Amino acid sequence: MSVFADPRDPRLVSALQQARVWCEGHVIDGLPAFEYAVRVARCLDEHLVDLSVGVAIAALLHASSIFADAIALDTHLAMNYGHPVPRIVRALRAERATLTAGDPEIDTSDMLVLYVSTADKIVAFHALLDRARASGDEARFFVGHPALALRAPYFQRFAGAVTGLVPDSMSTALREVLAAITAGRTS
């Protein structure tokens, strides 16, 4: 049964409301930030048989780390949602920071972080691919996104690293969207 099915856990309802507030007026990968956060949580729900409420909450609130003060966010998450939410959100914030600064190591030691990180990439790449296709000229679209080409080796390594760790449907979804982006960049 989906964690999003009624009756919903009150913490999940609270996280949905909080994500809406923190994401208001922001965009991530061409999507309204709240929609993006919900898509990441739904992606997890689609691929994980027993998605826990805590992981769903972390998925809903992970994007908030882009917009909210880190200390205030950590405090809020710890006080209102508890384990494992703050840990997952902090790990994704750290991954994002190291990715923008270079070519980070891929840490596969925390499965909950790995699940959310994988779902985040699937959603981000689908959003990017949708925008490229809507542009009418995928190759030209991707020329305007040189950071993607620079980070492509990392994303390929990440897809390889999660294979066999996350559900097969999830690693397949990531590999397929990466292949579609690669094809679009070279068409």
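Owing to the predicted nature of the structure, the values given are computational and were not obtained by experimental measurement. Residue indices begin at 1 and follow the sequence shown.
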Checklist entry - Is there a path of hydrophobic side-chain contacts, each under 4.5 Å between heavy atoms of I, L, V, M, F, W or Y residues, that connects Leu150 with Ile106? => result no

Checklist entry - Are Met111 and Leu44 linked, directly or through other ILVMFWY residues, by side chains that come within less than 4.5 angstrom of each other? => result yes

Next on the checklist: Evaluate Phe125 against Leu148 for side chain to side chain contact (heavy atoms under 4.5 Å, CB included), listing each step before the verdict.
Outcome noted: CA-CA 10 Å; Phe125 294 137; Leu148 179 63; 4.0 Å; yes

Checklist entry - Is the Lys NZ or Arg CZ of Arg42 less than 6.0 Å from the centre of Phe4's six-membered ring, within 45° of the axis? => result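 Yes, cation above the ring, under 6.0 Å and within 45°.
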
Shortest non-hydrogen contact from [X] toward [Y]:
X      : Y      : value
Ile88  : Val113 : CA-CG2, 3.9 Å
Cys23  : Ala33  : CB-CB, 3.6 Å
Leu114 : Thr118 : O-OG1, 2.7 Å
Leu178 : Ala159 : CD1-CB, 3.7 Å
Leu48  : Pro167 : CD2-CG, 3.5 Å
Met170 : Tyr115 : CE-O, 3.5 Å

Checklist entry - With no hydrogens and no angle check, do the side chains of Asp137 and Ser135 hold a donor and an acceptor under 3.5 Å apart? => result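 There is no such pair (donor and acceptor under 3.5 Å, judged by atom type) between the side chains of Asp137 and Ser135.
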
Can you confirm whether more than 12 heavy atoms, excluding those of [X], are under 6.0 Å from its [atom1] atom?
X      : atom1 : value
Glu24  : CD    : no
Arg20  : CZ    : no
Arg157 : CZ    : yes

Would you say the side chain of [Y] lies within less than 4.5 Å of the side chain of [X], judging by non-hydrogen atoms?
X      : Y     : value
Leu60  : Phe34 : no
Val55  : Val3  : no
Val53  : Asp9  : yes
Ser64  : Leu73 : yes
Gln17  : Val21 : no
Leu112 : Arg87 : yes
His62  : Arg96 : yes
Arg90  : Leu77 : no

Checklist entry - Would Glu95 and Lys121 satisfy salt bridge (charged side-chain N to carboxylate O under 4.0 Å, His left out), going step by step from the backbone distance to the final call? => result CA-CA 12 Å; Glu95 179 188 34; Lys121 287 169 183 54; 2.8 Å; yes

Checklist entry - Checking salt bridge (charged side-chain N to carboxylate O under 4.0 Å, His left out) for the pair Asp74/Arg93: CA distance, chi angles, key distance, verdict? => result CA-CA 11 Å; Asp74 284 348; Arg93 181 174 54 228; 3.2 Å; yes

Next on the checklist: Set out, in order, the CA-CA distance, both residues' side-chain angles and the distance that settles side chain to side chain contact (heavy atoms under 4.5 Å, CB included) for Ser117 and Leu92, then state yes or no.
Outcome noted: CA-CA 7 Å; Ser117 182; Leu92 287 160; 3.6 Å; yes

Next on the checklist: Please evaluate residues Leu174 and Phe155 with respect to the criterion side chain to side chain contact (heavy atoms under 4.5 Å, CB included), reporting the C-alpha separation (whole Å), side-chain torsions for both, the decisive distance (0.1 Å), and the verdict.
Outcome noted: CA-CA 9 Å; Leu174 179 58; Phe155 294 126; over 6 Å; no

Checklist entry - Any idea how Phe158 and Tyr154 line up, ring-wise: parallel (<30°), tilted (30 to 60°), or perpendicular (>60°)? => result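 Rings of Phe158 and Tyr154: tilted, as their planes differ by 30° to 60°.
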
Checklist entry - Using 30° and 60° as the class limits, which term best fits the ring planes of His76 and Trp22: parallel, tilted or perpendicular? => result perpendicular

Item to check | Test item: Thr75 side-chain N/O and Ile71 main-chain N/O as donor-acceptor pair under 3.5 Å | outcome: yes

Checklist entry - So how far is it from Glu176 CD to Leu129 CG, rounded to the nearest 0.5 Å? => result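 With rounding to 0.5 Å, CD (Glu176) is 11.5 Å from CG (Leu129).
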
Checklist entry - CD1/Ile28 to CD1/Ile66 distance, rounded to the nearest 0.5 angstrom? => result 4.0 Å

Next on the checklist: Is there a side chain to side chain contact (heavy atoms under 4.5 Å, CB included) between Gln156 and Thr182? Walk through the geometry before answering.
Outcome noted: CA-CA 10 Å; Gln156 292 296 337; Thr182 300; 3.9 Å; yes

